Each structure stands twice: as structure tokens, then as C-alpha cells.
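Heads up: the structure comes next, in C-alpha cells.
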Amino acid sequence: MKHKEMVYMTPMPVRIWHWLNAFGIVTLCATGLQIRFPDYINIFGAYRAAIRLHNTAGVVVSVSYLLWLIYYLAVARSLIKLYVPTVEDLKSGIFRQAYYYFLAYFFGKPNPHHSTPDSKFNPMQKAAYLVIMLVLLPLVVLSGGLLMYIAPLRELLLLLGGIKMLVGTHFLLSCCFTAFLFVHIYLATLGHTPLAHFKPMWNGWEEETVEDGNPDPDKQITASTK
Ligand code: HEM
């Protein structure tokens, strides 16, 4: 027999970071579009207003990223456990998960990954979140930061290949973020209900189906419905 349990999956600091970051990144993408294509796109009125909002959102995303890093490294100390794929994840887990998303899901087969607070992410999520959080986000923050201080950092920018190179890299990185956003939101709707993965990002709790007589001591449970 199986029963449902409520599991505390996403601590409050992570939820606050996530929605601040999501709001910041969406603002950066929208203002960035106007800054890059001012002749075609005008969402925020004056060009200078778009730049000011872009810079402000950039600072918000950078500071919240730093807090996310400190939280996972020094407070929760679970960055490696949650975000770094294991050898088994890379050898077979990623392919099993991709097979589920691309095919098995549409035939009603169960998700091969069972989330617990200690293993929140499936192998594909681990790989994607690791690249986004430890490679792309730091790079976009760094390239954006350099672009905010072009005049004083002129010498350094020339060493890095010049402003055009930096602007091009920053733009390519933002395209990766836009692509990630669409895939991320689509995959997040593939829980047992379309909102199943959104609820724990809002209130922290996720409903899990568990085999009877198989309690997981790592889980913090408040409610159980047979
Ligand atoms: C409107 C935009 C966004 C929505 C609606 C959204 C939605 C979600 C949802 C439902 C989850 C929980 C399910 C899951 O783990 O996949 C999640 C987790 C996550 N999202 Fe997003 N997201 C958005 C933007 C972003 C952005 C821009 C980033 C990174 C740059 C991001 C990075 C993450 C990470 C790292 C997690 C796991 C958090 C943790 O538990 O440690 N999300 N998101």
C-alpha cells in the first residue's frame, strides 16, 4: 500500500532567493531586449530608464546570488550533495531521466527519480542547475559588472578582448538564460499535477507518495493521509 506524506522540501531562504532571482532575471531579459534592440522594442519608455532598471536588477541578482552561495556553502552545507551529479548520475541517471521526460512521461510511466530533502533533484536537474548556478550565473554577473564600469576598467576590458567581445559574451549568456527559463518552467509543470513542483517553491512543502512501512527518517513530516 502507498500513502501520501507532506515533506518539507525547500527552506525559506532558498524560496526567497529563488523568487527574487527569478524576478530579477526576467527583468534583466526584458530590459536587455530593449537595450539591445531599441529601434524595435520599447517596453520601459526611455532608453536610459531601461538601462537604469537593467543595472538595478543586475545588482539585485548579484547580491541574491552571493546570499544563495553563502547559504548553501556555510549554512545548509548541502551544495555538493544536492547539486553535484554522481558518477552513476552521469553514466545512466541522466539518460534514464531524459528518456522519462521525452517519452515515458507521455505514456503515464512514473518518474524514475523520487525527491527527498537530501536528494531533491533528478540527475538532469543537478547537471542543469550546477551549470546555471556555478558557471553561467557567475559569468553573466561578472560580464555585466564589467560593462557597468567601462571607463575605469578600460585597460582590463582591452585585455579581455575589447568591449565588443564582452558585449557579445554577455548577450550570448543572456540567450542561454532565456532558453533555460522556458525549459525550466515547462519541466517544472511535469509533476503529478501541473502545480505540484510550484507549491514547495511557495510554501516549502511537497506531497510525496510513499510505500507503507518505508518511512524515511530524513523527512520532516507533518501530515499523512491514507
Ligand atoms: C519565472 C521564472 C521561474 C519560475 C516560474 C521557476 C520555477 C521553479 C520551480 C517550480 C522550481 C521547483 C521545481 C524544480 O526544482 O525544478 C524551481 C527551482 C529552481 N529554480 Fe526556478 N523558476 C524560475 C526562474 C529561475 C531562474 C531564472 C533560475 C536561475 C537563474 C532558477 C533556478 C532554479 C533553481 C536553482 C532551483 C532549485 C532551487 C533549490 O531548491 O535549491 N529558476 N524553479
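For clarity, every value in this text was computed on a predicted model and none was experimentally measured. Indexing begins at 1, ligand by ligand and atom by atom, following the structure's order.
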Study note, to complete from the structure: shortest atom 35 (C) of ligand 1-to-protein heavy-atom contact is with Tyr83 OH, 3.5 Å

Check your understanding: Should the pair Tyr105 and Tyr100 be assigned to parallel (<30°), tilted (30 to 60°) or perpendicular (>60°) ring geometry?
Key -> perpendicular

Exercise for review: Give the numbers and elements of all ligand 1 atoms closer than 4.0 Å to a heavy atom of Phe177.
Suggested key: 30 (C)

Practice item. Without swapping roles, check the side chain of Trp19 against the backbone of Met201 for a donor-acceptor pair under 3.5 Å. Key: yes

Point to revise | Element-labelled atoms of ligand 1 that are located less than 4.0 Å from some non-hydrogen atom of Tyr72 | key: 39 (C), 40 (O), 41 (O)

Review point. Any sub-3.5 Å donor-acceptor pair from His113's side-chain atoms to Gly93's backbone N or O?
Key: no

Point to revise | Heavy-atom nearest neighbour of atom 37 (C) of ligand 1 within options Tyr71, Phe121, Phe182 | key: Phe121

Exercise for review: Please indicate whether any nitrogen or oxygen in Trp17 is less than 3.5 Å from any nitrogen or oxygen in ligand 1.
Suggested key: no

**Study point:** Leu181 and ligand 1 - part of the residue with a heavy-atom distance under 4.0 Å
**Key:** side chain

Check your understanding: With backbone taken as N, CA, C and O and side chain as the heavy atoms from C-beta onward, which portion of Trp19 lies under 4.0 Å from ligand 1: side chain, backbone, both, or neither?
Key -> side chain

Exercise for review: Just jot down the side chain to side chain contact (heavy atoms under 4.5 Å, CB included) partners of Val59, sequence neighbours excluded, or say none.
Suggested key: Val63, Met148

Review point. With sequence neighbours left out, what residues match Glu88 under side chain to side chain contact (heavy atoms under 4.5 Å, CB included)?
Key: Thr86, Ser92, Arg96

Exercise for review: Keeping the roles fixed (side chain from Tyr65, backbone from Trp17), state whether a donor-acceptor pair exists under 3.5 Å.
Suggested key: no

Exercise for review: May I ask you to determine how many protein N/O/S atoms are under 2.8 Å from atom 21 (Fe) of ligand 1?
Suggested key: 2

Exercise for review: For Ile132, take its heavy atoms, then give the atoms of ligand 1 lying under 4.0 Å from any of them.
Suggested key: 29 (C), 30 (C)

Review point. Going by the atom numbers of ligand 1, which of them fall below 4.0 Å from some non-hydrogen atom of Ile25?
Key: 27 (C)

Practice item. Give the numbers and elements of all ligand 1 atoms closer than 4.0 Å to a heavy atom of Phe180. Key: 26 (C), 28 (C), 29 (C), 31 (C)

Review point. Short list, please: which atoms of ligand 1 are under 4.0 Å from a heavy atom of Gln125?
Key: 14 (C), 15 (O), 16 (O)

Check your understanding: Which atoms of ligand 1 sit under 4.0 Å from any heavy atom of His197?
Key -> 10 (C), 12 (C), 13 (C)

Practice item. Look at the side chain of Thr189 and the backbone N and O of Tyr186, then say whether any donor-acceptor pair between them is shorter than 3.5 Å. Key: yes

Review point. Any idea which part of Lys120 is under 4.0 Å from ligand 1, heavy-atom wise: side chain, backbone, both or neither?
Key: side chain

Check your understanding: If you draw a 6.0 Å radius around CZ in Phe198, do more than 12 non-hydrogen atoms from other residues or ligands fall strictly inside?
Key -> yes

Point to revise | By side chain to side chain contact (heavy atoms under 4.5 Å, CB included) - contacts of Tyr149 (at least two apart) | key: Pro152, Leu153

Check your understanding: Aromatic ring centroids of Tyr72 and Trp68 under 6.0 Å?
Key -> yes

Review point. Are His184 and Tyr129 an aromatic pair by the rule of ring centers under 6.0 Å?
Key: yes

Check your understanding: Distance-only, no hydrogens or angles: does the Gln34 side chain make a donor-acceptor pair with backbone N or O of Ile43 under 3.5 Å?
Key -> yes

Revision key, fill the gap. Value for NE2 (His170) from CG (Leu142), rounded to nearest 0.5 Å, stands at 10.5 Å

**Study point:** Heavy atoms from other residues, nucleotides or ligands near CD1 of Ile80 exceed 12 (cutoff 6.0 Å)
**Key:** no

Practice item. Starting from atom 14 (C) of ligand 1, find the nearest protein heavy-atom neighbour and note its residue, name and distance. Key: Tyr129 OH, 3.2 Å

Review point. Does Phe23 have a heavy atom less than 4.0 Å from any atom of ligand 1?
Key: no

Study note, to complete from the structure: So for Trp202 against ligand 1, with non-hydrogen atoms under 4.0 Å, the contacting part is neither

Review point. Thr10 to ligand 1: N or O pair under 3.5 Å?
Key: no

